[in-house]
Structure formats: structure tokens, C-alpha cells
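First up is the structure itself, then whatever we jot down about it.
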Amino acid sequence: MSENTSDNKKSVVKTRNFIHEIVEKDLLEGKNGGRVHTRFPPEPNGYLHIGHAKAICLDFGTAQKFGGKCNLRFDDTNPSKEDQEYVDSIMEDVRWLGFDWEDRLYYASDFFDKLHEFAVKLIKEGKAYVDDQPADIISQQRGTPTKPGVESPYRKRPVDENLALFERMKNGDFPNGHCVLRAKIDMASPNMHLRDPLMYRIMHAEHHRTGNKWCIYPMYDFAHGQCDYFEGITHSLCTLEFEIHRPLYSWFVDNLADSDYRPRQIEFSRLNLTYTMMSKRKLLQLVEEGLVSGWDDPRMPTISGMRRRGFTPASIRNFVEKVGITKTEGMVDVAMLEHALREDLNKNAQRVMGVINPLKVIITNFPEDKVDMVDAVNNPEDESAGTRKVPFTREIYIERDDFMEDPPKKFFRLSPGTEVRMRYAYFITCNNVVKDDEGNVIELHCTYDPASRGGNSPDGRKVKSTLHWVSATENVEAEVRLYDRLFMVEDPANQKDSDFRQLLNPESLLVLNKCFIEPSVKNAKPLDQFQFERLGYFNVDKDNSDEKMVFNRTVSLRDNWAKQMGK
RNA sequence: UGUCCCGUGGUGUAACUGGCAACACGUCUGAUUUUGGUUCAGAAGAGUCUAGGUUCGAGCCCUAGCGGGACAACCA
């Protein structure tokens, strides 16, 4: 397991982190019979986001790295918040990211019977009791982090009475909140989670899997570690906020275990991304208040949103790999994510020409009805992608940004009197600028050099730039959606004094119509990806139809010119 | 006034368990280029939160501070 050498490039997980070191050590010491078994345990109460992707890659990746297994387990102990819709989306997202739980799909609810049995065992051992006090009293008695709690008057309730009461709780004899089952640990512990934590609460609610079988449901702490144990998990990886739960996790498991085997909880820091909000609650709010179009709005940091936006599974996996796993809480620059995205797309995206902000150009010396099919390379990074034909005609569109009537010195593109190359087609020279009554440029009259077909002049003449273009008569008209960061501030989650809704970027979505794309994209299907040359990476949105093509800009190309202009 | 965790260039990580801090992103040069993309070459930028200590030698070990975070849901 120590062959993490450079020739091990096939391995999905190339890097090593502190968790891998722990696993290696456990293996070396012969723990758990040399098994490595992890799990990804989402609660089905929302859609997965990029932060979950980090956990998924770690959980599945660690198992893969050590030849172990990883389960998918839905942590469905709170029927009031959970839903089948979320279960379905989570499974789709995990698969899409490239991971497979094979036949190991579990639900915490699969273990409700065993959990109940275990609770009864604890009661019999005098380690759990039924508390009749209302929530606010129990909360009050718990003390504060700096002040010890006081014991419940019901703490010394006899075993038989506890057993009978718990049975009645289970049978539905009591209304919600009437009483709870608590573990008897230590009300004076400096760790609040050990101050007689709740194990079960009464909740008359229909569960998405167990229906109405239960009206008591286990709390997270009374379910998670035990489920790990039942499934044979060896390394239970979770985020930092559960660190303080670990002693409780161990307490329950130690009371349950009948062998040397123990699942072990290890915590790592969650992912924070600049200009991004990762809280499930807030994401739900964005969806419910219609601030975005849905969980899969391309501006959302959800896996489904990113998928729709055009992210690839590999780009997300690579990003997670680059970010690493530690216990330090930081904030990763989205630029890192975008880099991983561009890196993958550059290698794989089909190139195509599209003009999203058109300016008409008439090639005055080009034959009226001629459709000149020129050869274009599909992907300069991948020769096997081949070439295609693109129609060049007398009237074409170029990008408005590619023309300036009165350009600054470093502007290489088209301006009156200059010659530029139309990619894969001809050199053209701008002779005349046509304006409307208000002085807006509406059309350019140019001439082309017939000898420059393909993009080179036989006399070896050079031009300073190459422009993309689309025939004004042979094209596909499309709607193009441009996206920008959803939030205007780097750390929207930490703007304590302002409502996060006020931090939303009003220009996060810009819809452009009358965009023209070369005809080759006509039969593209939702999710198909392209690079619109010189503009960025785009994919076909699910709103696409035969009547109207719809593209999303996944991410722009890096643009040094725009950067210079910005200064 | 508690317990636990964290503290390395702007950002994210690394440093073979003590040997004069490396990689990626970002930034800035320059070269190449039928994408102002890609690629390539190079540069700037930290002396590792602070102060002591151990040691021939400390980012790594010890002590004390400082700073940040988590914990008081019948949420997970």
C-alpha cells in the first residue's frame, strides 16, 4: 500500500493526506482484519453541492485507494425534513461524479429495529432513561459550555418503569414531545454532548421508507455510529463540526460492540469557496423564494446545477484533489475550480464558432450566392477529433467587441483600414463603416483577398489577429445565457449584518438572444459541450428545443486582453 | 470562563517524522500561436502567529501566550 510512486498514475487518488496516513497505520497494525470500509452518509433533505463532492471523493476515493469498499447510506432519521426526491437526486449525482456503491445501498432506517433493540439493552443496563420534561426544561438543565448541567429528576427512574414508558412511546401512546429517551452519561461533562444526550424523540410522522411503522425516531448521535458498526465501516469520515461528537460516538459504539472491531470517526474541514454559499438551508431558501430557477440553476453550487452549467465530473474530481484534505478551515478561491474546469474542457471540448453579440459584415467583393465550405479543426488539442466544414458567405457576423472605429494602439482586431483573418477562411480589410441615425455602427463593408483562402496569403503577408465569425445566412440562431458569480462578496456566509439576499449579484444571469452559431451544432443535445472559439466553453441547456437552441456559458476563456482593458 | 480543534507566500496544500521551506492556483514578464486560448521559458511573493525552551540544528518536539473556529436543536 506504499507504492504511491509516479508510475501509479492510474490510481484515482494520487495524493496522500492525513486520513490516508491514519488508514495506512491502522492497516499496518492489523486493525479490523485489514479491511478498509468507508461510507458516504447524506441526509436526504436537499441536493448535494460541491462541498459534498469533496466528501464523496474522499469517502469513495479512500476506499478505492486501499482496495476497500464504500457504502452509500442515507441518514434518514428525521422524516419531517426528508424526501424521496432528494434520495433520487443524490444517487444520480454520486453516480454522475463517477462513483459506484454497487450493492451497498443502505438507509439508517434499515436499522431502526436494531437501534430500538439496542436502546432497550441500554435501558436494561441502567444506561438510559425516559425523561418526561419538556424541551425547554431539558435544555435549561443542560447548562452551558462553561457551566455544568443539573440532573433530571427522572434520571433515577427504575429500569422497569423506563422499559414500560419506552414501550408506550413506541406504541404511540404519547403525543409529540411528551417525553424522550436519554442516555445516562454525565451531566457535568465539559463536553455538552455527553450531558445525557437524547436518543429518541416522539414524532408522529410518515417516513419515506418505513411509512407509519414508527412514531419514535433515533437522533443522529444515536444512529450514526451504530449504523457504521452494523455496516462494518472501519473509517467514518465526516466534517469538523462533528469532532465534539466523537466521544459520544465512541460511547455508543463501545456499549454496542461485542468484538474488537470498532468503526473510527475522523474529521476533516469542509470546503468553502469564495463568492459561494454552501449552506443547505440557504440554498433551499434561494430555491423556495424563486431567487434562482431551481436546485439545478446553473448558478447554484449544487452538483446538479454545475452539471447543467457544463462542469464535467473529471473537473470536479480534479479540483477536489488539488484542494486536498486537512483540518484547517480556509476558503478556496473559485479561480481554482475554474482552472480545473478549463483544464478538462480545453482537452476535450469540440471547437465551434459562434457570435453572441453580432455585427454584420458584408464582403463586398464576394460572390452573392456563393457558399464556400471551409475546413475547420475540431480540437487542436486532439488530432483524432478531425475536421469539419463551415460555410463562409458574402454576409457574415463578427463579434461587436472585435471591431473598434477608433482603436487604442494595442488593439489588434478589426478597425477601418486594417486587415485581419477570418478564422479558417480569408483575410478581410475593412473599408467602410455604416452607421444609423444615432451614430451606432450597424454594418461593416469589407473586401476579402480570394488568394488567402484557408487563412494564409501566398505572399506571406501577416495579420495581427484572427477573428471568429458566423455566416449571416447559414447559421443556427440561439439564446445564450451568460453566468457570473451568484454573490458579490467573497464570503457571503460570513456577512453577519446583512441579509444574504442583498448580497446576490443582480448580473449573475445575462440572457442574450439573436446569437448565431455555425450550423454544425444543429443536432446537439442538452449537456453537449463546445468551445465557442475565443469566447469560452458552452453547453446545450435542458431548455433547448427544435424551435430554439439554448446554450449556457460554462466558463469564459482566459482573456488577457480583457484583463488589460480592465486596468 | 470550560472542553476540543486549527494557525506555513494573496489562496489551497507539501516538507521523507529535526537538516537552511516545495507544488498548484492567482499575479507579472517574455517566446510560440490561424483562438489576445493552449503550450513553453522565466520572475516576484512566506522564513512557517508570538515568546521562551530542548538540540550542533526546529515549520516539525516542549511550555506559555495570541489569533481563529466548534460545542448549550426533541437538526444532521
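Numbered from 1 within each chain, the chains take letters A, B, ... in sequence-line order.
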Under 4.0 Å protein heavy-atom contacts per nucleotide of nucleotides 64-69 of chain B, with B for base, S for backbone only and - for none: -----S
Mind calculating the distance between NZ (A:Lys147) and P (B:G2) to the nearest angstrom? 14 Å
What integer distance in Å separates A:Ile185:CD1 from B:U3:C1'? 15 Å
Presence of [X] side-chain N/O under 4.0 Å of [N] phosphate oxygens OP1/OP2:
X        : N     : result
A:Arg142 : B:C74 : yes
A:Thr274 : B:U11 : no
A:Arg246 : B:C4  : no
A:Arg558 : B:U38 : yes
A:Lys327 : B:A70 : no
A:His339 : B:C25 : yes
A:Asn560 : B:G37 : yes
A:Thr466 : B:U33 : no

Do the side chain of A:Arg39 and the main chain of A:Leu237 share a donor and acceptor less than 3.5 angstrom apart? yes
Would the distance check show the side chain of A:Lys184 and the main-chain N or O of A:Ile123 forming a donor-acceptor pair, the cut-off being under 3.5 Å? no
Both distances below 3.5 Å, Watson-Crick or wobble geometry, any strand: find the nucleotide opposite [N].
N     : value
B:A64 : B:U50
B:C71 : B:G2
B:C20 : none
B:U55 : none

For [X], answer base if it contacts any base atom (sugar-phosphate contacts may also be present), sugar-phosphate if it contacts only those atoms, and nothing otherwise; contact means non-hydrogen atoms under 4.0 Å.
X        : value
A:Tyr200 : nothing
A:Val332 : sugar-phosphate
A:Gly324 : nothing
A:Glu381 : base

Quick check for you: among [options], whose closest atom lies nearest to any side-chain atom of [X]?
X        : options             : result
A:His245 : B:A76, B:U27, B:C6  : B:A76
A:Arg351 : B:C74, B:G37, B:U11 : B:G37
A:Val323 : B:G36, B:G12, B:A76 : B:G12
A:Thr328 : B:C71, B:C74, B:G7  : B:G7
A:Thr326 : B:A76, B:A14, B:C74 : B:A14
A:Ser139 : B:A24, B:G36, B:A73 : B:A73
A:Glu21  : B:A73, B:A15, B:U38 : B:A15
A:Asn346 : B:G37, B:C75, B:C25 : B:G37

If you look only at pairs with a residue in residues 76-87 of chain A, which of them pass as a salt bridge (charged side-chain N to carboxylate O under 4.0 Å, His left out), with sequence neighbours excluded? none
Centroid distance under 5.5 Å and plane angle under 30°, A:Tyr220 vs B:A76: no
Is a salt bridge present between A:Asp401 and A:Arg413, judged by a nitrogen-to-oxygen distance below 4.0 Å? no
What I want to find out is whether A:Asp375 reaches A:Lys389 closely enough, with some N-O distance under 4.0 Å, to be called a salt bridge. yes
Assess whether side-chain contact (heavy atoms from CB on, under 4.5 Å) is satisfied between A:Tyr424 and A:Val390, documenting all intermediate values. CA-CA 9 Å; A:Tyr424 299 128; A:Val390 185; 5.8 Å; no
Using a 6.0 Å cut-off, check whether atom NZ of A:Lys147 has over 12 heavy atoms from anything other than its own residue. no
Considering only atom C1', compute the distance from B:G19 to B:G59 and round it to an integer number of Å. 13 Å
Expressed as a whole number of Å, how far does the P atom of B:A64 sit from that of B:C4? 12 Å
5′-ward residue of the pair A:Glu533/A:Pro190 relative to RNA chain B: A:Pro190
Report the residue (A:His193 or A:Phe412) whose heavy-atom-nearest nucleotide on RNA chain B is the more 5′ of the two. A:Phe412
Determine, using ring centers only, whether A:Tyr426 and A:Phe392 are less than 6.0 Å apart. yes
Donor + acceptor pair across side chains of A:Asn45, A:Glu43 (<3.5 Å): yes
Exactly one candidate in A:Asp228, A:Thr38, A:Asp59 meets side chain to side chain donor-acceptor pair (under 3.5 Å) with A:Ser236; the answer is A:Asp228
Could you tell me whether B:G47 is syn or anti, where syn means a glycosidic angle within 90 degrees of zero? syn
Going by a 90° cut-off around 0, is B:U38 syn or anti? anti
